[in-house]
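Report on the following structure.
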Amino acid sequence: MMIRLDAARYEPFLWQESIELKEDEKRDLELLEASPVRCQGSLTFTAPDFLLHAELRYEQTVACNRCLKPVAQQVEGAIDLVLVERSRKREATADEQLEAQELGLVEVEGGVFDSRPLVVEQVELSLPMKPLCRDDCKGLCPQCGEDRNVGRCGCVHESVDPRWAALAKLKEPRAGGAG
């Protein structure tokens, strides 16, 4: 949704929309599925900038990091940002340091704020690093691909550490030598 910043100059602008992620956005974020992102918030003029407060709610399905089963999650989050019109923003000198109060600034071009990129970014930031279907997920067998949560596979698993392989050769009897 495109929000005109001047519409909120005198009264808070109440913002409510539902954003459907495109298939390529879901693929890029490695989402199996995502419900529309419900956004609700307000845009308030705080002279000379604008304060955006929003709450996001949606459901996402990601693949378990170990067994690849779908994991559905309910996501809720809040955003608090200061929107600054680009024409007003001054250029920082090389000697200036980024202060903590400047971390939540978003530049807006031409007095119009497009909420879609911000919402997609928030969805990306809320993705779990290593989603698990359950805490004790055993994952897939690296040899045959069977799900270890269902049962044992027929593969023979030798637990030989490859770093010790050279020492294991010293234990082997030599060919033609006395033992």
**OP:** Taking all non-hydrogen atoms of both residues into account, name the closest pair between Val62 and Pro131 and its distance.
**Re:** CG2-CB, 3.6 Å
Subject >> Val106 reachable from Val120 in the ILVMFWY side-chain graph, under 4.5 Å edges >> reply: yes
Subject >> Modelled atom types, side-chain donor and acceptor of Asn149 and Arg66, under 3.5 Å >> reply: no
Original post:
Can you tell me how far the CD atom of Glu76 sits from the CZ atom of Arg38, to the nearest 0.5 Å?
Top reply: 8.5 Å
Subject >> Within-4.5 Å side-chain heavy-atom neighbours: Cys64 and Cys137 >> reply: yes
Subject >> Residues Arg116, Glu25: salt bridge by 4.0 Å N-O rule >> reply: yes
Original post:
How many angstroms lie between atom CG of Leu81 and atom CG of Leu118, to the nearest 0.5 angstrom?
Top reply: 5.5 Å
Subject >> Chi angles and distances behind the side-chain contact (heavy atoms from CB on, under 4.5 Å) call for Leu56, Val75 >> reply: CA-CA 8 Å; Leu56 308 175; Val75 181; over 6 Å; no
**OP:** Compare all side-chain heavy atoms of Leu31 with those of Leu21 and state whether any distance is below 4.5 angstrom.
**Re:** yes
Subject >> Gln40 and Glu55: side chain donor to acceptor below 3.5 Å >> reply: no
**OP:** I would like to know whether Leu43 and Phe113 meet side-chain contact (heavy atoms from CB on, under 4.5 Å); could you show each step before the answer?
**Re:** CA-CA 11 Å; Leu43 184 67; Phe113 170 65; 5.8 Å; no
**OP:** Hey, could you give me the CG/OG1 distance between Leu52 and Thr46, rounded to the nearest 0.5 Å?
**Re:** 11.0 Å
**OP:** Step by step, work out the side-chain contact (heavy atoms from CB on, under 4.5 Å) result for Ser18 and Cys39.
**Re:** CA-CA 6 Å; Ser18 183; Cys39 310; over 6 Å; no
**OP:** Could you walk me through whether Asp114 and Val108 pass the side-chain contact (heavy atoms from CB on, under 4.5 Å) test, one step at a time?
**Re:** CA-CA 8 Å; Asp114 183 8; Val108 177; over 6 Å; no
Original post:
Atom NZ of Lys22 and atom CZ of Arg27: how far apart are they, to the nearest 0.5 Å?
Top reply: 12.0 Å
**OP:** Find out whether Val123 and Tyr58 are in side-chain contact, i.e. whether some heavy atom of one side chain is under 4.5 Å from a heavy atom of the other.
**Re:** yes
Original post:
Can you find a heavy atom in the side chain of Gln60 that is under 4.5 Å from one in the side chain of Pro128?
Top reply: yes
Subject >> Sidechain N-carboxylate O distance under 4.0 Å for Asp147, Lys138 >> reply: no
Original post:
How long is the span from the SG atom in Cys67 to the CG atom in Leu132, to the nearest 0.5 Å?
Top reply: 8.5 Å
Original post:
So, Gln73 versus Thr61: side-chain donor-acceptor pair below 3.5 Å or not?
Top reply: no
Subject >> Closest heavy-atom pair and its distance - Glu20, Pro36 >> reply: OE1-CG, 3.1 Å
Original post:
Are Leu127 and Ile79 co-members of a hydrophobic cluster defined by side-chain heavy atoms under 4.5 Å apart?
Top reply: yes
Subject >> Reported CD-to-SG distance for the pair Glu146 and Cys155, which is rounded to 0.5 angstrom >> reply: 8.0 Å
Original post:
Are side-chain heavy atoms of Ser115 and Ile19 found at a separation under 4.5 Å?
Top reply: yes
**OP:** Determine, step by step, whether Asp136 and Arg134 satisfy the salt bridge (Lys or Arg N to Asp or Glu O under 4.0 Å) criterion, reporting the C-alpha distance in whole Å, the side-chain angles of both residues, the deciding distance to 0.1 Å, and the verdict.
**Re:** CA-CA 6 Å; Asp136 64 340; Arg134 60 185 203 215; 2.9 Å; yes
**OP:** For residues Leu68 and Leu140, determine if any side-chain heavy atom of one lies less than 4.5 Å from a side-chain heavy atom of the other.
**Re:** yes
Subject >> Beyond-backbone contact of Cys141 with Arg148, side-chain heavy atoms, under 4.5 angstrom >> reply: yes
